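Read the numbers this way: they start at 1 and go in the same order the structure lists the ligands and their atoms. These numbers come from a predicted model, not from an experiment.
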Amino acid sequence: MARWAAHADTSVGRVVRVDRGVAHVLTEDGPLRAGFGGNLLAAVAKDATAAPCTGDWVVVREWPDHRLTVEQVLPRRTAVVRATAGEQSHGQVLCANVDLAAVVVALHPLPVPARVDRLLSLAWGSGARPLVVLTKDDVVSDGEQVAEDLAVELPDVEVVRTSTVTGLGIDRLAALVAGGLTLALLGSSGHGKSSLVNALVGTDVLGTRAIRDDGRGRHTSVRRELVVLPGGGAVIDTPGLRGIGLIDEGGLAGAFADVVALAAGCRFRDCTHRSEPGCAVNAALEDGTLSRRRYESWRMLLREADAMAARKTARLRGEQNRERKRRMREHGTGR
Ligand SMILES: Nc1nc2c(ncn2[C@@H]2O[C@H](COP(=O)(O)OP(=O)(O)OP(=O)(O)O)[C@@H](O)[C@H]2O)c(=O)[nH]1
Ligand SMILES: [Mg+2]
Ligand SMILES: [Zn+2]
């Protein structure tokens with residue numbers, strides 16, 4: 001009976017935003033705000049990725065004094081995780097349980113393909129379906145051509161051209177999530193992510209701002225935020241991503257599945273795809289199946305992923321050494 005009563009005090013909801021240790025959660029009974037429960041805090045102290053993040057499904061408990069706490073984060077179906085170069089060895093979870101991960105890139109100034117590749121690696125790594133959303137179509141005249149060129153280079157990824165001024169492509173995005181799916185918007189600052197959310201909702205629910213003329217404008221959005229759409233589904237806005245630390249090997253393999261498939265055909269298993277005999281990647285470069293641009297982009301990101309993996313190994317080794325020394329000290333003093 002007591003057990004049943006305890007369960008009656010809990011509910012499940014979805015995190016729309018986390019703000020200084022307070023989770024804003026949408027439940028069947030409406031929105032609520034909850035702190036982190038004791039067990040959750042202990043888990044977060046060990047591993048920051050255990051903290052609730054936007055898009056998470058969580059169990060919230062109401063205490064006799066009406067305090068609300070998040071007791072549990074339900075297992076994540078997908079997660080957009082940014083590899084970090086810093087102290088955290090687990091990376092940073094940007095958002096969770098998304099079905100579609102959109103790389104948002106403005107058509108003006110002209111998209112930088114290497115940047116798209118980088119963001120797509122992040123999107124692929126999430127486990128969600130990646131998508132490229134080109135924005136600001138109204139300010140260019142060759143949007144269709146740019147989209148076509150991208151689509152040829154990225155056969156596995158849908159490319160959607162949009163404009164929040166003319167409304168182009170907004171219905172397509174709405175249709176993609178209409179069945180109750182969640183779309184995450186990822187990309188650099190000023191490329192129009194929050195504007196897309198506003199266009200999808202139909203009113204200005206999020207702040208947007210022009211980039212400063214020197215191109216170094218502060219990021220407008222500072223929080224990751226889930227917004228439920230009137231036509232069904234949800235969209236997650238994220239603050240502009242700076243370049244660093246996006247790459248992990250899994251995501252890279254997804255974004256460059258064609259190159260990975262080629263590499264499997266190289267004569268040597270440890271082929272570096274530079275000038276080895278029997279290199280299938282180089283053969284594809286020569287016969288034009290693989291573009292030089294894409295090859296360069298892949299190699300650059302691969303180097304970064306390798307460096308990231310090496311740093312992670314070093315960090316883990318450092319942690320193990322510290323732990324061993326700590327144990328030795330404890331036992332060494334005999335107290
Ligand atoms: N002409 C035109 N301008 C747009 C479009 N979409 C966004 N903008 C403008 O681009 C600027 C940046 O848009 P935001 O939506 O704030 O960009 P963001 O990606 O959310 O930026 P951060 O929050 O800093 O990451 C704003 O001045 C918008 O009005 C579009 O389709 N056409
Ligand atoms: Mg924004
Ligand atoms: Zn090779």
Task: Name of the residue among Leu74, Asp56, Thr54 meeting side-chain contact (heavy atoms from CB on, under 4.5 Å) with Asn97 - done: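 Of all the options given, the one that passes is Asp56.
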
Task: the Mg ion (ligand 2) to nearest N/O/S of Thr238 below 2.8 Å - done: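 Thr238 does not place any N, O or S atom closer than 2.8 Å to the Mg ion (ligand 2).
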
- [ ] Tell me whether Ser221 has at least one N, O or S atom under 2.8 Å from the Mg ion (ligand 2).
- [x] yes

TODO: Test the Arg61-Trp63 pair against the cation-pi criterion, namely NZ or CZ under 6.0 angstrom from the six-membered ring centroid and within 45° of the ring axis.
DONE: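 Yes, a cation-pi geometry holds between Arg61 and Trp63.
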
Any nitrogen or oxygen of [X], side chain or backbone, less than 3.5 Å from one on ligand 1?
X      : answer
Gly190 : yes
Pro239 : no
Asp237 : no
Thr238 : no
Thr162 : no
Ser189 : yes

Could you report the tightest heavy-atom contact between [X] and [Y], atom names first, then the distance?
X      : Y      : answer
Lys193 : Gly187 : NZ-O, 3.3 Å
Val132 : Val157 : N-CG1, 3.7 Å
Val60  : Ala34  : CG1-CB, 4.0 Å
Phe36  : Pro52  : CZ-CD, 3.5 Å

TODO: Counting heavy atoms only, name the option from Gly240, Gly167, Ala199, Ser221 that's nearest to atom 25 (O) of ligand 1.
DONE: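 Answer by nearest heavy atom: Gly240.
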
TODO: Tell me which one of Thr164, Ile170, Leu196 gets a heavy atom nearest to atom 30 (C) of ligand 1.
DONE: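 Checking each option, the heavy atom nearest atom 30 (C) of ligand 1 is found in Thr164.
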
- [ ] Record the part of Thr220 in heavy-atom contact with ligand 1 below 4.0 Å; permitted values are side chain, backbone, both and neither.
- [x]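 The part of Thr220 near ligand 1 is both the backbone and the side chain.
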
- [ ] Check each heavy atom of Thr135 against ligand 1 and say whether those closer than 4.0 Å belong to the side chain, the backbone, both or neither.
- [x] neither

Open item on the list: For the Zn ion (ligand 3), give me the closest N/O/S atom belonging to His273, just the atom name.
Closed with: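 The nearest such atom is ND1.
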
At less than 4.0 angstrom from any non-hydrogen atom of [X], what atoms of ligand 1 do you find?
X      : value
Val139 : 1 (N)
Thr208 : 14 (P), 15 (O), 16 (O)
Ser195 : 6 (N), 7 (C), 13 (O), 14 (P), 15 (O), 28 (C)
Val165 : 1 (N), 2 (C), 32 (N)
Asp138 : 1 (N), 2 (C), 30 (C), 31 (O), 32 (N)
Ser163 : 31 (O)

TODO: Would you check if there is a donor-acceptor pair between the side chains of Arg14 and Thr182 at a distance under 3.5 Å?
DONE: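 Side-chain D/A pair, Thr182 to Arg14: present.
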
- [ ] Start with the C-alpha gap between Ser194 and Ser221, add the side-chain angles, then the distance that decides, and say whether side-chain hydrogen bond (donor to acceptor under 3.5 Å, both in side chains) holds.
- [x] CA-CA 8 Å; Ser194 303; Ser221 305; 2.8 Å; yes

Task: Derivation and outcome, side-chain hydrogen bond (donor to acceptor under 3.5 Å, both in side chains), residues Asp29 and Thr27 - done: CA-CA 5 Å; Asp29 303 326; Thr27 67; 4.9 Å; no

- [ ] May I have the angle between Cys266 SG and Cys279 SG with its vertex at the Zn ion (ligand 3), rounded to 10°?
- [x]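 About 110°, to the nearest ten degrees.
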
Task: Pairing of Arg293 and Glu296 as salt bridge, 4.0 angstrom limit - done: no

Open item on the list: Glu286 vs Asn282, test: side-chain hydrogen bond (donor to acceptor under 3.5 Å, both in side chains). Steps then yes/no.
Closed with: CA-CA 6 Å; Glu286 262 153 48; Asn282 271 304; over 6 Å; no

- [ ] Would you check, one step at a time, whether the test side-chain hydrogen bond (donor to acceptor under 3.5 Å, both in side chains) holds for Thr166 with Asp138?
- [x] CA-CA 7 Å; Thr166 66; Asp138 55 287; 5.6 Å; no

